[in-house]
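Step one of this worksheet: look at the structure below.
For this chain, numbers begin at 1 and follow the sequence in order. Hydrogens, waters and symmetry mates play no part in the numbers below; they use all other heavy atoms, side chains included.
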Amino acid sequence: MLAKKQTKQKASMKERLNTLRAGVLGSNDGILTVVGVLFSVAAATTNQFTIFIAGLSDLLACAFSMACGEYASVSTQRDTEEAAVRKEQHLLDTDFDGQVKAVQEYYMARGVTANTSLAIANDLLSKKPLETVVNVKDGIKVGQYMNPWSAAFSSLFSASAGGVFPLAAMTFAPVAYQWPATILAVILSVGLTGYLSAKLGDGLVKTAVIRNIVIGIITMLIHYGVGRLM
């Protein structure tokens with residue numbers, strides 16, 4: 001009972017981390033997409049209403065497109081995992097000995113002797129046959145799938161929240177300080193998303209922060225150049 005509870009807790013934690021990671025990446029995309037449009041439009045016109053409407057429209061479009069994409073992606077992953085589970089159940093019903101051999105070979109590949117591997121395989125498949133073969137052959141936990149709706153809403157919210165930073169800076173800062181305020185807002189926000197993504201993914205914090213800031217600066221320069229050309 002305790003082991004089962006711990007397994008469910010680990011699965012829940014994994015799903016939360018995946019949702020959070022999708023949220024952080026969504027925020028980063030929202031920031032860069034919105035500032036790209038703001039800089040392109042602001043470089044081409046000084047009309048404040050036009051700049052605001054362009055940024056707001058892009059923020060909404062980015063948020064909803066990311067949510068739809070995340071929903072479709074996670075749904076496809078879930079469908080694939082469920083299909084794999086059905087396939088393994090069919091093999092258990094039609095070729096049980098083959099499934100025992102697959103589990104045995106899994107442990108043999110990890111240095112366990114043939115006799116011991118066979119004993120482990122027989123023991124596991126006598127208790128939890130489907131859970132064992134699905135985990136060993138496909139790396140899937142039966143019934144523990146990501147929720148596409150959670151991922152979609154996470155992306156929707158995070159992309160919107162991320163895009164608000166440059167949009168608010170460009171909209172509410174005094175005209176004389178719009179550009180530096182927006183640049184500062186972007187640098188701080190993408191630096192934060194870089195920090196969070198590194199923490200969630202056990203990556204190098206300094207590298208992630210610097211990489212995000214450099215990408216943010218390049219994005220602003222490119223879109224400013226496009227706006228000037230137009």
Side-chain angles (χ1 to χ4, degrees), residues 10-43 51-52 54-74 77 146-148 150-228:
K10 288 180 181 178
S12 178
M13 179 63 71
K14 181 180 179 182
E15 180 169 346
R16 284 199 296 271
L17 286 174
N18 285 332
T19 302
L20 286 170
R21 190 175 292 110
V24 170
L25 295 175
S27 294
N28 201 59
D29 286 346
I31 295 164
L32 296 180
T33 302
V34 172
V35 77
V37 170
L38 287 173
F39 269 43
S40 295
V41 177
I51 296 170
F52 171 74
L56 180 61
S57 299
D58 183 71
L59 185 151
L60 294 174
C62 173
F64 280 100
S65 65
M66 286 199 64
C68 292
E70 194 68 23
Y71 178 85
S73 175
V74 174
Q77 178 183 336
M146 280 191 67
N147 187 334
S150 295
F153 281 117
S154 176
S155 290
L156 177 67
F157 173 78
S158 60
S160 301
V164 163
F165 286 101
L167 181 61
M170 182 67 79
T171 302
F172 297 111
V175 175
Y177 300 103
Q178 279 183 334
W179 290 96
T182 306
I183 293 170
L184 181 60
V186 170
I187 290 174
L188 291 176
S189 54
V190 295
L192 177 61
T193 58
Y195 172 83
L196 293 175
S197 64
K199 282 293 185 181
L200 291 172
D202 294 325
L204 299 175
V205 172
K206 184 177 179 180
T207 301
V209 171
I210 293 174
R211 179 174 59 236
N212 268 23
I213 291 175
V214 170
I215 291 172
I217 292 172
I218 292 173
T219 299
M220 289 185 282
L221 289 173
I222 290 173
H223 284 278
Y224 177 80
V226 170
R228 294 298 295 176

Task: Rounded distance [0.5 Å steps], CD1 in I222 versus CD1 in I218 - done: 6.5 Å
Open item on the list: Side chains of F64 and L156, heavy atoms from C-beta outward: is any pair under 4.5 Å?
Closed with: yes
- [ ] Mind listing the closest non-hydrogen atom pair of S197 and G194 along with its distance?
- [x] OG-O, 2.9 Å
Task: Sidechain-backbone polar pair: S189 side chain, A185 backbone, donor-acceptor under 3.5 Å - done: yes
Task: Shortest non-hydrogen separation from A159 to M66 and the atoms involved - done: CB-SD, 4.0 Å
Open item on the list: Main chain of I215, side chain of T219: is a donor-acceptor contact present, judged purely on distance under 3.5 Å?
Closed with: yes
Task: G55 versus V37, closest heavy-atom pair with distance - done: N-CG1, 4.4 Å
Task: Pairwise distance CG(L196) to OG(S158) - rounded to 0.5 angstrom - done: 11.5 Å
TODO: Could you tell me the separation between the CG atom of L59 and the CD1 atom of I31, rounded to the nearest 0.5 Å?
DONE: 10.5 Å
TODO: Using atom types as modelled and distance alone, determine if a side-chain donor or acceptor of S40 lies under 3.5 Å from a backbone N or O of H223.
DONE: yes
TODO: Using distance alone, with no hydrogens and no angle criterion, decide if N212 and T193 have a side-chain donor and acceptor under 3.5 Å apart.
DONE: yes
Task: Inter-residue atom distance D29.CG - S65.OG, 0.5 Å rounding - done: 9.0 Å
Open item on the list: Using every non-hydrogen atom in the two residues, find where L38 and I51 come nearest and quote the distance to one decimal.
Closed with: CD2-O, 3.6 Å
Task: Over all atoms of both residues, closest heavy-atom pair of I187 and I213 - done: O-CG1, 3.9 Å
Open item on the list: Looking at every heavy atom in both T182 and P166, which two are closest together, and how far apart are they?
Closed with: CG2-O, 4.0 Å
Task: Close side-chain approach of V35 to M220, heavy-atom, < 4.5 Å - done: yes
Open item on the list: Less than 4.5 Å apart, side chain to side chain, heavy atoms only: is that true for I183 and F39?
Closed with: yes
Open item on the list: Once rounded to the nearest 0.5 Å, what's the spacing between atom OH of Y71 and atom CG of N147?
Closed with: 9.0 Å
